Amino acid sequence: MIKAVISGTGLYTPPATIDNDELVEAFNQYVELFNADNADAIARGEVAPLQPSSSAFIEKASGIKRRHVINKDGILDPKRMTPYIPERSNDEPSVQCDMAVSACREALAQAGKSAQDVDAVIVACSNMQRAYPAVSIEVQEALGIDGFAYDMNVACSSATFGLQAAVNSVENGSARAVLVVSPEICSGHLNFRDRDSHFIFGDACTAILVEREEDTRAGQGFEILGTSLKTKFSNNIRNNFGFLNRADESGIGKPDKLFVQQGRKVFKEVSPLVAETILNQLQSLSIGTDALRRMWLHQANLNMNQLIARKVLGRDASEDEAPVILDEYANTSSAGSIIAFHKHKDDLVSGDLGVICSFGAGYSIGSVVVRRR
Ligand code: CO8
């Protein structure tokens, strides 16, 4: 039987960063402008005045300190509050393709492989920058891979669901090696005018190379012991942007065409589901929680991760056991748990066990148990 392993990972981090103070300053300028422009209506009680945001709240409620973004100026302009990412001609690589190629090259280099060793590319992320042709096929072409490619979207769990698809392709013999790549431009769908969520997201791209064990060096990478996927419908994280928007002009420009969430409900409902999914999976693999060396959790909220880790371990987890990258990256949707894995995997020794776990919109949860070879 063919066994699949993770032999390399890569990360593209946009160079521009926005810290909480900068973001809050721009937001509060927007609030002042809005309240001044609407002073009469506010005085008549027809419009509610907007409230300022605060860096202290953001860090305490989420653990986020800064985020990397594709474009900083557009987001920080209080009259715009949207990244400025110029359209490219059809002859140029798309922005997501550029990010993906960079992350994939690092994953290939880490594994000591070239494009000729790979048969498939899965672009798995929350938003595709166009309807078609598939971004994955563009990435396949840019890397020079002779094989097949497809896009998939399971929001925050896209990368872990993509991992399962890659494992399936490798283990059923339809591909020798598969790249799973997650170019997340979350700033493109974040409402920077919404006080409840303007601080949540950042941009990044991860790549994972999944290969046949027989094609790798002894001791290289991570065995995949099992994947466990779970979905349960919820409207608590929703974005109504889509190709039918133009068929009803009354909805164009409404805030529901961007990211909207009931953050507190998400926190309460998703945390126990995630802990249960991980615990059930470990039990089915006959792995005790005391054998777990590390959890690379989805990076949305620090308090949420600490709660989930506590529910799994039955005690507080150290940062070594559940590493945090959201302070630096904020929530990068499906890339988050893979960034944590990419940055915090090399110190594990042969036999160490860990779980990569994503959770978010859908709801969707993807859990992948791995063992250092
Ligand atoms: N500044 C100051 N005060 C604020 C701010 C702010 N910016 N925002 C809210 N407040 C105030 C509120 O008004 C409220 O005041 P009061 O108590 O007087 O009513 C108080 O702070 C508390 O507000 P909340 O209850 O909203 O605050 P929480 O403690 O719940 O924290 C969080 C809000 C941080 C959003 C938190 O609920 C959270 O992180 N929840 C989990 C969310 C989560 O995991 N979501 C998953 C995200 S989805 C995903 O990962 C991928 C989706 C697909 C990607 C899409 C790409 C764009």
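Every number for a ligand or one of its atoms is a count from 1 in the order of the listing. The analysis underlying the following values was restricted to heavy atoms, covering all of them including side chains, and did not include hydrogens, waters or symmetry mates. Throughout, residue positions are numbered sequentially from 1 according to the sequence presented. Remember, predicted model here, so these are calculated numbers, not experimental data.
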Taking atom types as modelled, is there a side-chain donor on [X] or [Y] under 3.5 Å from an acceptor on the other?
X	Y	value
T160	S358	yes
S158	S334	no
E211	T216	no
Y363	E269	yes

Protein heavy atoms near [atom], is at least one of them under 4.0 angstrom away?
atom	result
atom 45 (N) of ligand 1	yes
atom 50 (O) of ligand 1	yes
atom 16 (P) of ligand 1	no
atom 42 (C) of ligand 1	yes
atom 21 (O) of ligand 1	yes

Does [X] come within less than 4.0 Å of ligand 1, judged by its heavy atoms?
X	value
H298	yes
N127	yes
S126	yes

Please identify which of these residues, D215, N172, V170, meets the side chain to side chain contact (heavy atoms under 4.5 Å, CB included) condition with I2. V170

Please determine if [X] and [Y] form a salt bridge, counting it only when a charged side-chain N lies under 4.0 Å from a carboxylate O.
X	Y	value
R293	E321	no
E328	K65	no
D347	R294	yes
E138	R130	yes
R212	E171	no

Identity and distance of the protein heavy atom lying nearest [atom]:
atom	result
atom 6 (C) of ligand 1	F57 CD2, 3.3 Å
atom 9 (C) of ligand 1	D196 OD1, 3.4 Å
atom 57 (C) of ligand 1	C186 O, 3.4 Å
atom 35 (C) of ligand 1	Q261 NE2, 3.5 Å
atom 31 (O) of ligand 1	A61 CB, 3.7 Å

Is the centre of the F222 ring less than 6.0 Å from the centre of the F341 ring? yes

I'd like the name of whichever of R264, R195, H189 reaches closest to atom 25 (O) of ligand 1 through any heavy atom. R264

Quick test of your reading of the structure: of A155, C156, S62, whose heavy atom lies closest to atom 52 (C) of ligand 1? C156

Which ligand 1 atoms, with their elements, are less than 4.0 angstrom from a heavy-atom of [X]?
X	answer
N331	47 (C), 49 (C), 50 (O)
I237	46 (C), 48 (S)
S54	1 (N), 2 (C)
A300	44 (O)
M304	41 (C), 44 (O)

Whether F34 and Y30 hold their rings parallel, tilted or perpendicular, with breakpoints at 30° and 60°: tilted

N301 versus ligand 1: do any nitrogen or oxygen atoms come within less than 3.5 Å of each other? yes

When only distance counts, is G263 in polar contact with ligand 1, meaning an N/O pair under 3.5 Å? yes

How far does OG1 of T332 sit from CZ of R67, to the nearest 0.5 angstrom? 12.0 Å

Is the number of heavy atoms from other residues, nucleotides or ligands within 6.0 Å of CZ (R246) greater than 12? no

Heavy-atom distances under 4.0 Å decide this one: backbone, side chain, both or neither, for S53 against ligand 1? both

